Every structure is written in structure tokens, then in C-alpha cells.
**Q** 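Sharing a structure, written as C-alpha cells. Questions coming.
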Amino acid sequence: QVQLVESGGGSVQPGGSLRLSCTASGITYSRYQMSWFRQAPGKEREGVATFYTGAGSTYYADSVKDRFTISQDNAKYTLYLQMNILTPEDTAMYYCAARLASLPTYMWHEAKRYSYWGQGTQVTVSS
């Protein structure tokens, strides 16, 4: 049984930082594509960042590029999202998602392509 558990969310002032974690169980980590998504109230779920394990390559949404960094620790079965220079527009529920086998790079941000989701962790950025 695949289980994804996120942690690390919270409230922070604009310009601050947070690091989210997603611990996976029930999967062979290296065979799965792991991504972060977020969803703000009234908005669609959007892809934030993804990690291609085989190639060691990463992709980001334009809105977070150069501020967020995705990484993973295979030994700990944990995916991270380091978020810096946070703005109120980053306020959302953040989800970890996984799917078996990698997506073409032009599809990684499509939520419907992922089979497994965590319960989410809330990030609130306000002064």
C-alpha cells in the first residue's frame, strides 16, 4: 500500500522560508516520479516541482523557479521542497504526488497523471 505523508508546512512572513518533506512507503522509490503540487482556495491544483530520479533532473513551475528547490533522499524515501523568498501568492495546500514510471517532461505538471497523493500540508504566507 502506497502512502505519502507530508510535513513542514506552517505560517511564515513574506520573504521567509520553509522546507516541506514527503516520506513515502510502499513503493520502490527509484521507479517512481515524485512531484510537489499546490492548491489555493478556488484555484486548480498546479504542479510546483518534479524530480526525475533516473536523470537526476528537476523541473519547476515558472512562478517558483529560482526560489524553490526540489530534492530527494533515496535512503530515507523522502522528497523535499525548500521554499525561499515566500510571497502571499505561495499560500496554498501543498501535496506530494507519485506515479510509477516517468512522464514526458511536458506532462509532469498534470495532476491527473499521478496515482498517489499525500494528505497535504498547509503553507500560509502573510504579514
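The residues of the chain are indexed from 1 along the displayed sequence. Here the structure is a predicted model, which is why all the values come from computation and not from measurement.
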**Q** Applying salt bridge (charged side-chain N to carboxylate O under 4.0 Å, His left out) as the test, list every pair that has at least one member in residues 50-62; sequence neighbours left out.
**A** Asp62-Lys65

**Q** If you define the side chain from C-beta out and look only at heavy atoms, does anything of Val48 sit under 4.5 Å from Leu81?
**A** yes

**Q** Is there any side chain to side chain donor-acceptor pair (under 3.5 Å) pair reaching into residues 93-107, and which pairs are they, with sequence neighbours excluded?
**A** Arg38-Tyr94

**Q** With Glu89, which residues qualify under salt bridge (Lys or Arg N to Asp or Glu O under 4.0 Å), at least two apart?
**A** none

**Q** Show me the pairs that pass ring pair (Phe, Tyr, Trp, His ring centres under 6.0 Å) and involve residues 33-55, at least two apart or across chains.
**A** Phe37-Tyr114, Phe37-Trp117, Tyr52-Tyr59

**Q** Just jot down the ring-ring contact (aromatic ring centres under 6.0 Å, His included) partners of Tyr77, sequence neighbours excluded, or say none.
**A**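 Listed in chain order: Tyr29.
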
**Q** Partners of Arg31 by side chain to side chain donor-acceptor pair (under 3.5 Å), sequence neighbours excluded?
**A** none

**Q** Which atoms form the tightest heavy-atom contact between Met34 and Ile70, and what is the distance?
**A** O-CD1, 4.2 Å

**Q** Side chain to side chain contact (heavy atoms under 4.5 Å, CB included) with Asp66: which residues, sequence neighbours excluded?
**A**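 So Asp66 forms no side chain to side chain contact (heavy atoms under 4.5 Å, CB included) with any residue.
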
**Q** My understanding is that only residues two or more places apart in sequence, or in another chain, count here; which of them pass side chain to side chain contact (heavy atoms under 4.5 Å, CB included) with Thr69?
**A** Tyr60, Gln82

**Q** Please tabulate, one pair per line, all N/O donor-acceptor pairs under 3.5 Å involving side-chain atoms of residues 13-22, not counting sequence neighbours.
**A**
| from | atom 1 | to | atom 2 | distance (Å) |
| --- | --- | --- | --- | --- |
| Ser17 | OG | Asn84 | OD1 | 2.9 |

**Q** List for me each residue that meets side chain to side chain donor-acceptor pair (under 3.5 Å) alongside Gln39, sequence neighbours excluded, and say none if there are none.
**A** Arg45

**Q** Identify whether Val2 and Leu100 are in the same connected component of the hydrophobic contact network (ILVMFWY, side-chain heavy atoms under 4.5 Å).
**A**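 The answer is yes; both residues are in one hydrophobic cluster.
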
**Q** Can you name the residues that form a salt bridge (Lys or Arg N to Asp or Glu O under 4.0 Å) with Lys112, not counting sequence neighbours?
**A** none

**Q** Of all heavy-atom pairs between Leu103 and Met107, which one has the smallest distance, and what is that distance?
**A**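 Of all heavy-atom pairs spanning Leu103 and Met107, the closest is CD1-O, 3.8 Å.
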
**Q** CD/Gln119 to OG/Ser7 distance, rounded to the nearest 0.5 angstrom?
**A** 8.5 Å

**Q** With rounding to the nearest 0.5 Å, note down the distance linking CD1 in Ile27 to OG in Ser25.
**A**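 Going from the CD1 atom of Ile27 to the OG atom of Ser25 covers 8.0 Å.
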
**Q** Closest heavy-atom contact between Gly120 and Met93?
**A**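 So the minimum-distance heavy-atom pair works out to C-SD, 3.7 Å.
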
**Q** Ignoring hydrogens and angles, tell me if any N or O in the side chain of Ser63 forms a donor-acceptor pair with the backbone of Ala61 under 3.5 Å.
**A** no

**Q** Is there side-chain contact between Gln33 and Thr50, with at least one heavy-atom pair below 4.5 Å?
**A** yes

**Q** Report the residues that fulfil side chain to side chain donor-acceptor pair (under 3.5 Å) with Lys43, sequence neighbours left out, ordered by chain and then residue number.
**A**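 Here no residue qualifies.
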
**Q** Rounded to the nearest 0.5 Å, what separation is found between the OG atom of Ser11 and the CD atom of Gln122?
**A** 8.0 Å

